[in-house]
Structure formats: C-alpha cells, structure tokens
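Since the structure comes first, as structure tokens, the remarks are kept for the end.
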Amino acid sequence: MSAPIEGRIDEWRSYLAHSPALRPDDIAELEGHLRDQIDGLTGSGLSPDEAFLIAVSRIGRIDELSREYGREHADRLWKQLIAVGPDEPAPRRGFALALGLACGAAVAVKVPALFGLTLTGSSADFFLRNALLLVLPFLAAFFLVRRRAASPVILTVAAAFVAAAAVMNAFPFVAGGATQLLAAIHVGVVLWLVIGVAYTGGRWRSTTARMDFIRFTGEWFVYVVLLGLGGGVLAGLTIGVFSAIGMDPSMFVVEWLLPCGAAGAVVIAAWLVEAKQSVIENIAPVLTRVFTPLFTALLVALIVAAAIHGSFVDSGRDLLIVFDLVLLVVVALLLYSLSAREPLAPAGWFDRLQLLMIVAALVVDILVLIAMIGRVGEYGASANKLASLGLNLILFANLAGAGWHHLRFVGHRGSFARVESWQTAYVPVYLGWAALVVVVFPPVFGFV
C-alpha cells in the first residue's frame with residue numbers, strides 16, 4: 001500500500017489502542033480485516049483514500065467495536081481497569097496518577113487538623129469556605145497531567161484557584177451568615193468550570209470540548225454517588241464489626257474514613273469515567289431516557305398544582321428552593337441528554353418530549369419568578385432572595401433559548417448543532433453569575 005494510506009492506518013490503529021476493551025491481538029485482527037477491505041475496494045477501481053474511508057466505515061465506529069469487545073470479554077474489563085504497566089493503554093496508566101492524587105486529596109483535608117481545625121465546632125466555617133479548595137486542585141491536576149496541558153493553561157487554572165482561596169479567606173464573613181453560605185456554594189460552581197478548562201486542555205472555546213465536559217460531569221456525578229453508597233456501607237460495617245468486639249470506631253469513621261474517602265472519591269470517580277470511556281455503553285442515554293419522562297411528568301404536576309393552589313407568593317421559602325432545585329435538575333438533564341445524542345440523527349419522539357419538558361419548565365420558572373418578586377416586594381430584598389431571583393432569570397433565559405432552538409429543530413427549520421451550540425455557549429453565563437455572587441454579594445450585604 002502507498003505511504004499515505006499506511007500513515008492513515010497507523011493513525012487508525014493508534015486510535016483503537018486507546019480503547020481499554022481492545023488488546024493488541026484484537027487490534028491486529030481488526031487491522032487485518034481493514035487491509036483486506038482496502039485491497040478489495042481498490043481492486044474494484046476505487047482510489048486508496050476512498051477505499052480506506054469505506055473500509056473503516058464497514059468495520060464500525062470505535063465505540064461500537066469497544067462495546068462489542070467489552071460484552072464478549074467481560075472478565076477482561078475489570079482486570080484492565082486496575083492493571084497498570086508501562087505498556088498499558090493510557091486510561092489504565094492513569095490509575096497510578098489518580099491513586100496518588102486521591103491520596104493527596106485525602107491528606108489535604110486532614111492538614112488543617114494539625115492547626116487545631118476540625119470539621120466540627122468553631123472550625124466548621126473554615127471548612128465551609130475551604131473544603132472544595134482543598135480537594136478540587138487535585139482533580140484539576142489529574143486532568144492537566146492527563147491532557148499534557150500547556151503552561152498558559154496550567155497558570156490559568158492555578159490562578160483561578162489562588163484567586164478563589166484569597167477571596168474566600170480574606171472576606172470577613174459573619175459566622176453562620178447567608179453571604180458566607182452563598183459564596184461557598186457559588187465558588188463551587190466557579191471552580192468546577194475551572195476544572196472544565198483543565199479537562200478540555202484549554203480548548204474551552206470548542207463546542208465539542210464543552211459538551212464532552214458536560215458528559216463527563218454527569219457520569220462523574222453518577223460514579224461519586226456509587227462510591228459514596230459503597231463508602232456508606234463500608235462505614236456501617238466498620239462500626240458494626242468493631243462494636244461487636246467492644247471497640248468504638250465512630251471517631252475514626254467520622255474524622256478519618258468519611259472525609260478522606262470523600263476527598264479521594266472525587267479523583268477516583270474522574271479516573272473511572274476516563275477508564276471506562278468507549279468500553280461499555282455510555283450511561284448518559286440510559287439515564288436521560290428514564291428521567292426525562294419522569295421530570296416532565298413532575299413539571300406538569302407542578303403546573304396543575306399551581307392552577308389549583310393559586311399563587312405561590314405566600315408559600316414558604318423552602319418550597320421555592322425545592323422548585324429551584326427541580327429547575328436546575330431539568331437544565332442538567334437537558335444538557336446531559338444533548339451530550340449523549342447522536343448529532344446527525346433526525347428529530348424523533350424523544351426530542352419532542354424534551355421540548356415538552358422545556359416548555360413545562362418555562363411555565364414553572366415563570367410561576368417561581370412571580371412568587372419570588374412578590375416575596376421581595378412583601379418582605380424586602382436579601383442576599384438569598386436576590387441570588388435566587390438572579391439564578392431563576394438566568395435559568396429562564398437558558399430555557400427560553402433552548403426551547404426556541406428545539407422548536408426549530410423539531411420543526412425541521414434548524415439543525416441540532418444550533419441546539420447544542422446554544423447550550424454550550426450559555427455555560428459561561430453561569431460562571432459569570434457565580435463569580436458575581438462570590439465577589440460582589442458579600443461586601444454589598446455587609447458579609448452577613
């Protein structure tokens with residue numbers, strides 16, 4: 001074969017080598033099939049380039065191949081997830097890095113104890129402001145190393161963490177005040193989007209890179225929940241076993257096992273997402289197919305309840321917070337479903353269901369906005385009320401734009417690319433709002 005085609009085959013083989021489900025002998029077998037296809041197609045009169053493209057298409061996409069091999073060699077999957085060696089594919093080599101950084105995060109959350117700062121008592125405010133700042137740098141480091149990020153990207157990420165630490169610790173927050181809690185929550189949003197810069201290797205302006213990070217966020221959350229459930233079982237068994245022999249391990253569990261395990265799980269969950277990529281079927285399509293109808297039904301039920309109940313102005317603050325959480329989950333579910341969708345597929349029933357969910361979410365958001373404006377007019381403005389009101393306005397604009405582009409896509413007047421680009425382009429709005437709440441709200445409201 002010609003040198004250019006050999007080069008393209010080498011690139012294709014290298015791409016397959018990143019799949020943890022494929023062994024070198026598997027790749028060699030697939031390469032043999034590819035070369036046979038190319039020979040046959042060129043013999044039929046096609047050019048080498050045309051033959052290569054058709055042959056690759058016939059063999060199948062990498063994710064399909066990985067799923068097929070992963071199902072056929074299920075026993076191999078778990079061995080590959082923990083096997084680490086110099087000749088192993090990149091996802092498996094990353095385990096040593098993830099384990100080291102997870103241990104670093106676990107140590108970091110215990111370092112304040114050397115200075116008399118504990119999770120309980122008067123030190124609780126310190127951990128409220130700094131818990132994420134102690135752990136998330138290790139997750140950022142994991143991606144910066146994995147992506148071999150350039151120096152400007154590393155400096156940008158580091159500067160963001162330093163700035164966040166300076167603001168959270170320099171502001172004279174009143175202990176137990178609303179602005180401290182608001183800043184702690186919103187600085188988490190800021191830092192997570194900074195993690196996105198590390199995850200994309202600095203390609204944050206790329207729509208594809210942003211969507212990949214959205215997909216990662218959803219799957220990372222699922223793994224954290226699973227690891228948390230496993231950690232809860234481990235903690236319960238530890239207490240049960242040692243209590244049975246007359247020892248009380250509760251202090252060890254509360255002060256060491258749970259905080260260190262939670263810190264380490266942040267990094268290990270990220271490695272699991274990376275390691276299983278293209279091995280088994282992405283969990284995103286399954287989750288979105290299950291929860292989109294359920295949340296659509298929930299939103300419709302809320303609208304019916306509003307029609308029966310009337311205004312929510314007199315409803316308690318807790319109810320409005322719950323509504324906010326529902327809307328945030330809807331936006332997250334929408335983003336997650338877009339990240340899992342085949343971009344070139346035509347509009348189908350699920351896209352129409354998503355449009356219904358968006359419309360229902362818009363109606364609920366309007367009801368919540370009316371209630372919030374009413375409460376501000378009746379009880380006056382506060383940091384919590386204005387932060388919640390601003391978030392709902394941002395959600396409304398996001399959902400309105402999403403609904404418009406979805407309507408055009410479903411009506412065959414627009415492309416899915418516009419739907420996707422709208423959502424990914426809107427992500428910095430959340431970053432800007434979160435940064436505003438962290439930096440501006442505390443001094444405006446007297447750090448109370």
Side-chain angles (χ1 to χ4, degrees), residues 77-78 81-82 91 94-95 97-110 119 127-128 130-146 161 184-200 211-238 253-254 256-277 279-288 290-291 295 325 328-337 339-340 427 430 434:
L77 172 61
W78 297 106
L81 285 176
I82 60 173
F95 176 70
L97 173 64
L99 182 61
L101 291 172
C103 292
V107 171
V109 297
K110 295 303 297 180
L119 290 170
F127 284 96
L128 177 63
N130 293 284
L132 294 177
L133 289 164
L134 292 172
V135 176
L136 291 184
F138 292 92
L139 179 58
F142 174 73
F143 288 122
L144 290 173
V145 174
R146 292 276 290 168
F161 275 98
I185 293 173
H186 287 80
V187 80
V189 177
V190 173
L191 294 178
W192 188 255
L193 295 179
V194 172
I195 295 291
V197 175
Y199 178 86
T200 60
M211 193 55 72
D212 287 342
F213 179 64
I214 290 170
R215 184 184 301 108
F216 160 79
T217 298
E219 298 195 356
W220 175 86
F221 177 77
V222 171
Y223 275 112
V224 167
V225 171
L226 293 176
L227 290 173
L229 292 174
V233 172
L234 175 62
L237 289 176
T238 300
V253 170
V254 172
W256 288 90
L257 182 60
L258 293 181
C260 293
V266 170
V267 181
I268 295 300
W271 169 75
L272 284 170
V273 175
E274 295 264 295
K276 72 97 204 163
Q277 202 170 36
V279 178
I280 56 176
E281 189 172 59
N282 281 341
I283 199 169
V286 178
L287 292 179
T288 54
V290 171
F291 285 103
F295 271 88
L325 291 176
L328 284 171
V329 172
V330 168
V331 172
L333 186 62
L334 178 62
L335 287 169
Y336 199 27
S337 63
S339 72
V427 170
Y430 290 98

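Partners of Tyr430 under the ring-ring contact (aromatic ring centres under 6.0 Å, His included) rule, at least two apart in sequence or in another chain, are Tyr426. Annotation: side-chain contact (heavy atoms from CB on, under 4.5 Å) contacts of Leu234 (sequence neighbours excluded): Thr238, Leu257. Judged as a side-chain contact (heavy atoms from CB on, under 4.5 Å), and not counting sequence neighbours, Ala262 has no contacts. By the side-chain contact (heavy atoms from CB on, under 4.5 Å) test, Leu333 is found to be paired with Thr288, Phe291, Thr292, Phe295, Met357, residues two or more places apart in sequence or in another chain being considered. Residues satisfying the side-chain hydrogen bond (donor to acceptor under 3.5 Å, both in side chains) test with Thr200, not counting sequence neighbours, are none. Legend: residues meeting side-chain hydrogen bond (donor to acceptor under 3.5 Å, both in side chains) with Trp220, ordered by chain and number and at least two apart, are absent. Taking Leu335 as the reference, Ile214, Val331, Gln423 meet the side-chain contact (heavy atoms from CB on, under 4.5 Å) condition, with sequence neighbours excluded.
Rounded to the nearest 0.5 angstrom, Leu132 CG and Leu139 CG are separated by 11.0 Å. Taking CD from Glu274 and CG from Leu97, the interatomic distance works out to 10.5 Å, rounded to the nearest 0.5 Å. Here Phe142 contributes atom CZ and Ile268 contributes atom CD1; the two are 8.5 Å apart, rounded to the nearest 0.5 Å. The CG atom of Leu133 sits 12.5 Å away from the CZ atom of Phe127 when rounded to the nearest 0.5 Å.
Heavy-atom minimum distance, Val267 versus Ala98: CG1-O, 3.6 Å. Here the closest non-hydrogen pair linking Lys110 and Cys260 is CG-SG, 3.5 Å. Taking every heavy atom of both residues into account, Tyr336 and Arg215 meet most closely at CE1-O, 3.7 Å. Residue Pro259 comes nearest to Val109 through the heavy atom pair O-CG2, 4.0 Å, listed as atom of the first residue, atom of the second, then distance. Between Ala263 and Ala105, the shortest heavy-atom contact is CB-O, 3.6 Å. Across every non-hydrogen atom of Val187 and Ala184, the tightest pair is CG1-O, 3.3 Å.
Taking the six-membered ring where the residue is Trp, the centroids of Phe143 and Phe213 are separated by 6.0 Å or more.
Contact check for Asp212 versus Tyr199: side-chain heavy atoms found under the 4.5 Å cut-off. Residues Phe161 and Val190 have side chains not in contact (no heavy-atom distance under 4.5 Å, counting atoms from C-beta outward).
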